[in-house]
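Here is the structure we will look at, set down as structure tokens.
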Amino acid sequence: MLDQSQINSLRQASVAPAGHLIDGTPDTAGVGGQIPVISPIDGSVLTTLADGDAALVERAAAAARTAFEDGRWSKMAPAARKAVLHRWADLVQTHASELAVLGVRDNGTEIGMAFRAEPGSAAATLRYYAEVCDKIYGEIAPTPDGILGMIHKEPVGVVGAIIPWNFPLMIGAWKLGPALACGNSVVIKPAESASLSLLRMCELAHEAGLPAGVLNVVTGRGTSVGEAMAISKNIDVIVFTGSGAVGRRIMENAARSNLKRTYLELGGKSANIVFADMPDFDAAVAGAVSAIFRNSGQVCVAGSRLLVEASIHDEFVAAVCAGAARLRVGDPLDLSSDIGAVHNADQLDKNLAALSRAAEEGAQVQQGGARLHETGGGFYMEPAVVTGVKPSHDLFRNEVFGPVLAVTPFHDESEAIRLANANDYGLAGGVWTNDLGRAHRMIAGMKTGVVTVNSYGAVDVTAPLGGVRQSGNGHDKSLHAIDKYIDLKTAWIQL
Ligand code: NAI
Ligand code: MG
């Protein structure tokens, strides 16, 4: 459990210059220079982060390849791999407060959420995949007599993981858990603006007994390190979470190099749909508020569009605006804040620009939207509710990744489905209704990877998370994630 005095002492800790972890050895040299690490809490410089380059990426990939080929992990007994991953999860839990506070100083998420969603869910994810190590079976094909067709599940080799800044430990574990459980080696690149806690978590993997070279971290910019990973011929698969533009670029680089498989999780512009027959008005209001405003809207599955049945539109929107106005936005390391900081200056500018554009396009900013606490040097913003948003508007079509809710009324079920599907994304969505038939029709009609009914953002490692359409491909979490990290090999034996 977290208490304020422990948080207050952890937040004072000085942070040493950080950098790569290659072949088990930390390296803060920064061949591409040093990146200042800015805390969104107050805009102060926490430390520096080493930037890498293509040569360094090749060094990390070579270390990963050597480790993979000599079998120090890939051929370790599955039960022994399982024990290492469980020990790693233990260490993540033991260091949970330290990891959570360090991560918040770097990325600005409110500490209550960060504590649960970062070390908490990362440890749970590592445990889930620890248990997978010795439970992946091959198959025997139903062939005619006289021939044996065996299907082996082999690790792919070297996995490249490129992750974003919003939940580095959770999203990191979604990639690292299954990649390592299957026996692969990994090169991971955290976002340059949120690398500190992920680096610390990867150090703990080595304390847990993960052999050197199996898990390598290269820190730095997308342009210097991310590009080089996607184009490296020594990386077999890229798993990515982040923006659509970068996802496209990764696919291009894969096509230009070794045709590596690419798995992309690209966020969305997800619809949270409230029908007048919802079971509980207050629960639906609370669900709509947290769907968009937790972590300042910096959540891939955020319910950033609210579609409300016209007959209850005004009453429901008034309650959502009141809920938004009650949220305390402030120091993310103060347990009494509901919402922390916006991640960085660029994201804050993007959020404010989205609001100006919405107003220009004819929508109404009903609630919030002002920059807050500017004199303290940090990046904060009032949760904003925008009504009258039309399918042609930018705010309806494009992800903001900020605390900005776009509201659109609908008149019947078919219009709700049409509006829900009226942009290029397809990650998540929510439906609030007391009508079971309608709930199933909505689930069937929504072109998304995830739909929640009478809640928003239900999560568990046991169910897959992934998008359709331009929200990406492939799945994190659950046993389905394993597909990304194995190759099938068919072996025919003539009997
Ligand atoms: P981004 O997509 O630029 O960054 C994600 C990761 O990709 C980072 O590690 C970054 O260094 C790396 N990267 C950047 N350029 C690259 C390249 N050319 N090749 C390979 N890797 C590269 O996201 P950014 O700029 O931090 O945020 C911009 C927007 O992206 C947000 O406003 C939001 O709309 C979206 N986003 C979505 C996330 C999600 O959960 N799906 C998470 C973070 C951002
Ligand atoms: Mg940062």
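Both backbone and side-chain heavy atoms feed into the values below; hydrogens, waters and symmetry mates do not. Read the numbers this way: they start at 1 and go in the same order the structure lists the ligands and their atoms. Note that the coordinates shown come from a computational prediction; the quantities given were computed from them, not determined experimentally.
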Could you tell me the residue and atom name of the protein heavy atom closest to [atom], and the distance to it rounded to 0.1 Å?
atom	result
atom 18 (N) of ligand 1	Glu227 OE2, 2.8 Å
atom 30 (O) of ligand 1	Ser243 CB, 3.0 Å
atom 27 (O) of ligand 1	Trp165 NE1, 3.7 Å
atom 29 (C) of ligand 1	Lys350 NZ, 3.8 Å
atom 40 (O) of ligand 1	Cys300 CB, 3.2 Å
atom 44 (C) of ligand 1	Phe401 CE2, 3.7 Å
atom 8 (C) of ligand 1	Ile163 O, 3.5 Å

Among [options], whose heavy atom sits nearest [atom]?
atom	options	result
atom 37 (C) of ligand 1	Gly242, Gly160, Gly402, Ala354	Gly242
atom 21 (N) of ligand 1	Ala245, Gly226, Pro190	Gly226
atom 17 (C) of ligand 1	Gly222, Ser193, Gly244, Ala161	Gly222

Without swapping roles, check the side chain of [X] against the backbone of [Y] for a donor-acceptor pair under 3.5 Å.
X	Y	value
Arg65	Asn234	yes
Gln347	Val342	no
Arg397	Pro391	yes
His343	Asn107	yes
Glu118	Met170	yes

Counting only non-hydrogen atoms of the protein, does one fall under 4.0 Å from atom 4 (O) of ligand 1?
-> no

Per-atom contact, atom 25 (O) of ligand 1, protein heavy atoms, under 4.0 angstrom | no

Near [X], which atoms of ligand 1 are under 4.0 Å from a heavy atom of that residue?
X	value
Gly267	41 (N)
Gln347	31 (C), 32 (O)
Leu266	41 (N)
Phe240	2 (O), 5 (C), 6 (C), 7 (O)
Glu265	41 (N)
Glu192	10 (C), 11 (O)
Ile162	6 (C), 7 (O), 9 (O), 12 (C), 20 (C), 21 (N)
Pro164	42 (C), 43 (C)

Using the six-membered ring of Tyr425, assess whether NZ or CZ of Arg469 lies under 6.0 Å from its centre and within 45 degrees of the ring axis.
-> no

Looking only at distances, please establish whether an N/O atom of ligand 1 is found under 3.5 Å from an N/O atom of [X].
X	result
Val246	no
Glu399	yes
Arg221	no
Lys189	yes
Arg249	no

Rounded to the nearest 0.5 Å, how far apart are [atom1] of [X] and [atom2] of [Y]?
X	Y	atom1	atom2	answer
Asn351	Gln298	CG	CD	7.0 Å
Ile443	Thr452	CD1	OG1	9.0 Å
Leu102	Met201	CG	CE	12.5 Å
Ile162	Ile171	CD1	CD1	13.5 Å

Sub-4.0 Å heavy-atom approach of Val400 to ligand 1 | yes

Is the shortest distance from a heavy atom of Phe167 to ligand 1 less than 4.0 Å?
-> no

Thr448: side chain to side chain contact (heavy atoms under 4.5 Å, CB included) partners, not counting sequence neighbours | Met446, Val451

Trp88 and Tyr129: aromatic ring centres closer than 6.0 Å?
-> no

Is there a donor-acceptor contact under 3.5 Å linking the side chains of [X] and [Y]?
X	Y	value
Trp165	Asp106	no
Asn295	Thr109	yes
Ser471	Lys269	no

In a check of side-chain contact (heavy atoms from CB on, under 4.5 Å) between Arg256 and each of Asn253, Asn258, Leu259, which one passes?
->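 In the set Asn253, Asn258, Leu259, the residue that makes a side-chain contact (heavy atoms from CB on, under 4.5 Å) with Arg256 is Asn253.
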
